[in-house]
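Down below is the structure, laid out as structure tokens.
Throughout, a chain's letter reflects where its sequence line sits, starting with A, and its residues are numbered from 1.
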Amino acid sequence: MIRFSGVSHRFGEREVLKPFSLELAERRIAVIGANGSGKSTFVRLINGLLVPTSGSVFVDGLDTKSDGKGVRGKVGFVFQNPDNQIVYPVVEEDLAFGLKNRKLSKDEIARRVETGLARFGLSHLAKEQTHRLSGGEKQMVAIAGVTILEPEIIIFDEPTTLLDLRNKRRVARTISELEEMAIVVTHDLDLVAEFDRALVFDEGGLVFDGKPFDAIRHYEGLMG
Amino acid sequence: MIRFSGVSHRFGEREVLKPFSLELAERRIAVIGANGSGKSTFVRLINGLLVPTSGSVFVDGLDTKSDGKGVRGKVGFVFQNPDNQIVYPVVEEDLAFGLKNRKLSKDEIARRVETGLARFGLSHLAKEQTHRLSGGEKQMVAIAGVTILEPEIIIFDEPTTLLDLRNKRRVARTISELEEMAIVVTHDLDLVAEFDRALVFDEGGLVFDGKPFDAIRHYEGLMG
Amino acid sequence: MISAYRPGTSPIHRLAAGPKMAALALAGTGLFFVTGLAGTALALAVAIALYFVAGLTLRDIWQVLRPLLIVMLLLVLAHAWLNGWEAAFAMGMRLAALVLLAGLVTLTTPSSAIMAAIETGLQPLAKLGVDVEKISLALSLALRFIPLIASVGAEVREAQRARGLDGSLVALAVPLLVRTLKMGEDIADAIDARGFGSTRK
Amino acid sequence: MNTKDIVFIALFAALTAALGVFPPFTLPIVGVPITAQSMGAMLAGSVLGAKRGSLALALFLVLVAAGLPLLAGGRGGFAVFAGPGGGFLVSWILVAFVVGLLCERFWRNLGFFQALGINILGGILVLYPIGIAWISLTTGLSYVEAAAGSLGFIPGDLIKAAIAATVAVTVRKSYPLIEAPRRA
Ligand SMILES: Nc1ncnc2c1ncn2[C@@H]1O[C@H](COP(=O)(O)OP(=O)(O)OP(=O)(O)O)[C@@H](O)[C@H]1O
Ligand SMILES: Nc1ncnc2c1ncn2[C@@H]1O[C@H](COP(=O)(O)OP(=O)(O)OP(=O)(O)O)[C@@H](O)[C@H]1O
Ligand SMILES: O=C(O)CCCC[C@@H]1SC[C@@H]2NC(=O)N[C@@H]21
Ligand SMILES: [Mg+2]
Ligand SMILES: [Mg+2]
């Protein structure tokens with residue numbers, strides 16, 4: 001369970017998130033809203049990559065401020081730009097990266113990497129240099145690198161950006177099949193139509209909280 | 001008019017575009033296809049950022065091989081990843097960048113930058129640091145930076161990636177209102193539904209060339 | 001560009017990276033004490049022979065030596081002028097042998113194995129309180145970043161060219177740096193998000 | 001040292017390697033190439049400061065020593081340190097350190113000319129005496145001959161210092177990574 005208590009955030013002078021409180025417990029949560037409305041900032045607060053300038057964020061009772069490492073063990077994060085997510089020069093090494101931080105055995109790592117590659121249709125690229133991949137291929141590697149860690153909550157910031165239909169469906173399916181709680185920031189409204197809950201942000205404020213169908217209508221209203 | 005004559009392209013061992021010949025003269029041309037199918041490679045050949053490993057590409061009779069600079073004066077390019085496109089640290093400086101290379105007067109530059117900012121709803125970000133912008137804001141800056149140069153042909157590689165509904169519509173409208181010829185690579189099929197012509201790539205081959213309606217059907221067929 | 005590795009199954013290929021690099025270091029130091037014509041000629045012959053043992057060809061030898069050819073030529077000439085031909089040839093052959101041996105290690109060892117060997121070599125330092133995990137992350141990251149920076153550079157240049165500026169290196173430096181730094185920040189976030197380290201401020 | 005520091009260190013090691021794309025030009029007599037890579041040391045110091053800057057160069061040199069062909073012209077391995085350029089190479093760590101230390105010290109009002117002065121001081125005045133001594137040791141040239149043969153580096157090194165200084169002041173504005181020393 002995620003709890004925001006009296007949270008707001010500013011970068012320097014600029015208030016990018018106005019004060020709000022919130023609890024999240026649903027399995028599929030969508031975050032939508034205009035460009036620059038504060039969505040990415042909002043989700044970065046959840047795994048402690050950002051610490052709120054006021055208020056507190058708790059994940060399963062852990063304060064992101066004091067227990068960032070613990071929180072990040074529970075919360076996986078797939079970033080907007082896959083180039084910045086890929087840490088290792090070779091695809092299979094990159095998938096192994098997070099697992100190594102967990103101090104798993106070599107065999108266990110190799111086994112999980114293989115499964116992870118297969119799950120995302122990446123087996124044929126296992127030995128490929130990551131910088132050689134096309135945009136869509138990189139995106140799939142980034143997603144695989146996080147889901148392989150089997151976190152309890154996974155945040156996706158624009159996961160279907162740059163993907164073709166086949167890969168989009170693959171990602172949509174992956175998200176829908178996840179055991180874990182998923183929070184998805186996206187402009188791809190189809191992707192979240194079946195979700196349990198949707199939040200709409202606008203100009204730094206949480207302006208709607210409800211079912212996706214209504215949230216999308218609200219959002220479309222905002223967009224004029 | 002753009003003419004591909006017996007063009008193919010390889011990176012090292014890998015043939016990423018199989019031989020093809022083609023003429024493009026329509027005002028609105030869509031390029032669709034799977035991830036890694038060669039779309040970006042194809043459009044980079046048009047403004048001479050890539051030179052084909054065999055065959056030739058001509059733009060209004062200019063060979064991209066021998067007259068790259070002349071070709072790039074005619075062909076603007078909005079890149080897939082806005083981060084790569086933005087070359088200056090401040091938004092208004094970045095918009096001015098291309099104009100400065102044209103040796104326009106200071107006043108003229110300032111005037112055009114102002115119009116350009118307003119046209120894309122960016123005026124309030126004029127003094128902002130480009131690398132601090134949200135993903136969508138960057139995308140708009142990138143598009144503004146190219147259209148401000150008023151080229152004869154503009155290539156958009158995934159222009160609506162990362163954009164919210166309002167900005168998507170803004171870009172769609174911008175493209176439809178352009179005087180210039182526009183070539184749009186995209187996974188956003190709605191964007192190109194009304195175009196004059198659509199090319200479908202698959203595994204490095206040009207596999208379909210016709211009306212968007214039929215092209216989209218063909219593409220969906222490929223995606224299974 | 002990063003890896004000159006030629007896959008193979010020769011005894012030299014099969015030798016573990018650590019011992020190979022240690023042997024190279026020893027040979028390199030040892031060669032410093034070999035000054036005569038006969039000694040250096042022998043060293044050079046051994047180095048060349050090892051290439052054939054590794055299943056490499058004259059072409060590989062040429063490719064390893066080529067970048068250094070001019071340097072060696074100039075050095076030999078300067079040396080000959082100062083100390084006479086014999087000393088000059090000896091020095092030239094010693095240098096060629098050194099370069100060939102170093103090249104042999106690079107050609108027969110994948111860079112990931114070199115990295116792993118460095119990491120193993122660093123292990124004893126852990127006892128002295130050095131954070132080996134961080135060092136090995138830094139090593140891998142540097143390798144990942146070389147093509148990334150090169151492609152950022154190419155992309156920034158491409159974007160500049162697309163917008164009418166051809167080939168100004170100074171104009172390239174600032175955006176390249178700013179983009180690279182921003183990228184670094186994002187990558188650090190991604191690394192932490194995948195469970196590395198604990199400190200964060 | 002947090003993750004960001006490690007990433008920045010790796011970035012500047014990689015940047016120094018990437019500067020190796022410019023082909024080296026070997027100066028006669030001393031047999032050491034003119035290379036863009038020494039700018040990596042200046043940049044690392046100017047942007048990252050003394051500690052991270054010098055570690056970045058140390059990391060780069062470890063990779064070179066490990067045999068990766070990262071020096072301009074695709075050279076690497078222990079041999080290059082034994083060659084006449086070895087003194088310069090190892091001193092790049094010192095260059096980054098000195099440049100970084102001075103940039104930190106004068107951070108508050110670091111303008112172009114201060115930055116230029118600092119890079120010349122670190123990138124030439126500190127670097128050359130050691131580099132030249134090593135040339136003379138490895139080639140049998142006298143110190144004076146080696147110094148005279150190294151004069152040819154100066155124009156290039158001045159240009160590199162100027163580029164590094166320009167970058168330093170711009171990056172300081174938009175992306176400050178160095179903290180000014182606290183004063184009472
Ligand atoms: N590090 C930062 N420093 C200053 N301003 C920032 C920083 N990061 C984000 N901002 C600003 O905060 C606002 C919210 O950014 P955020 O990335 O959360 O938006 P977003 O809703 O994710 O937008 P998008 O849909 O375009 O990704 C934007 O206006 C952005 O310019
Ligand atoms: N510089 C390069 N070196 C080697 N291979 C490359 C290079 N650039 C692209 N490729 C490969 O060429 C193929 C085509 O790439 P391209 O970027 O044209 O695909 P795309 O159709 O634009 O894909 P996407 O929809 O994912 O952007 C890909 O498999 C890619 O890995
Ligand atoms: O072997 C190499 O690639 C580099 C050796 C060191 C070169 C030094 S650094 C200072 C001076 N300025 C140059 O351009 N080259 C030398
Ligand atoms: Mg965002
Ligand atoms: Mg593409």
Side-chain angles (χ1 to χ4, degrees), chain C residues 1-4 21 24-25 28 32 67-68 70-72 74-75 78-79 82-83 87 95 98-99 101-103 105-106 109 111 114-115 117-118 131 134 137-139 141-143 145-146 148-150 153 169-170 173-174 177-178 180-185 187-188 191-192 196-197 199-201, chain D residues 1-11 13-15 17-18 21 24 26-33 43 47 55-56 59-60 62-63 65-85 139-141 145 149 162-164 166-167 170-171 174-175 177:
Chain C
M1 154 214 187
I2 297 182
S3 182
M21 289 160 68
L24 173 63
F32 248 85
L68 274 169
I70 304 173
V71 184
M72 292 202 299
L74 290 170
L75 274 179
H79 223 75
L82 293 162
N83 305 317
L95 202 60
L98 255 176
V99 169
L101 288 176
V105 173
T106 323
T109 322
S111 51
I114 294 184
M115 288 298 132
I118 297 178
D131 194 334
K134 286 182 175 171
L137 177 65
L139 286 166
L141 279 177
L143 285 189
F145 287 158
I146 294 166
L148 200 56
I149 289 177
L169 290 174
V170 183
V174 169
L177 253 286
V178 170
T180 307
L181 292 174
K182 167 69 175 138
M183 191 175 78
E185 229 171 56
I187 290 174
I191 290 172
D192 281 343
F196 182 83
T199 45
R200 184 169 189 96
K201 256 267 106 196
Chain D
M1 184 132 334
N2 63 29
T3 309
K4 236 174 232 166
D5 294 325
I6 297 173
V7 170
F8 286 140
I9 288 167
L11 268 179
L15 184 72
V21 300
T26 302
L27 280 192
I29 305 183
V30 292
V32 175
L43 285 170
V47 175
L55 285 172
L59 176 58
F60 170 73
V62 166
L63 294 170
L68 298 175
L70 301 181
L71 286 178
R75 291 161 304 127
F78 291 100
V80 294
F81 293 95
T139 60
L141 296 168
E145 286 165 334
I163 296 176
T166 312
V167 171
T170 318
V171 170
S174 59
Y175 227 109
L177 293 173

Interface moiety of C/V105 toward chain D, non-hydrogen atoms closer than 4.5 Å: neither

List the residues meeting side-chain contact (heavy atoms from CB on, under 4.5 Å) with D/L55, not counting sequence neighbours, and say none if there are none. D/M1, D/I9, D/K51

Check each atom of C/L139 against the heavy atoms of chain D and say whether the ones under 4.5 Å are side chain, backbone, both or neither. both

Most contacts with chain C, counted as non-hydrogen pairs under 4.5 angstrom, among D/D5, D/V167, D/I6, D/L27: D/I6

Could you check which of D/L11, D/T166, D/L43 has the highest count of heavy-atom pairs closer than 4.5 Å to chain C? D/L11

Spatial distance of atom CD1 (C/I146) from atom CZ (D/F60) [nearest 0.5 Å]: 8.0 Å

To the nearest 0.5 Å, what is the distance between CG (C/D192) and OG1 (D/T3)? 3.5 Å

side-chain contact (heavy atoms from CB on, under 4.5 Å) partners for C/A142, two or more places apart: D/A10, D/A13, D/L59, D/L63

Portion of C/I149 that has a non-hydrogen atom of chain D nearer than 4.5 angstrom: side chain

Is it the side chain or the backbone of D/V47 that comes within 4.5 Å of chain C heavy atoms, both, or neither? side chain

Testing the basics here: between D/A14 and C/F145, what is the closest heavy-atom pair and its distance to 0.1 Å? CB-CB, 3.4 Å

Of the listed C/L101, C/L141, C/L137, the one with the largest count of heavy-atom pairs under 4.5 Å with chain D is C/L141

Segment of C/L177 engaging chain D (4.5 angstrom heavy-atom cut-off): side chain

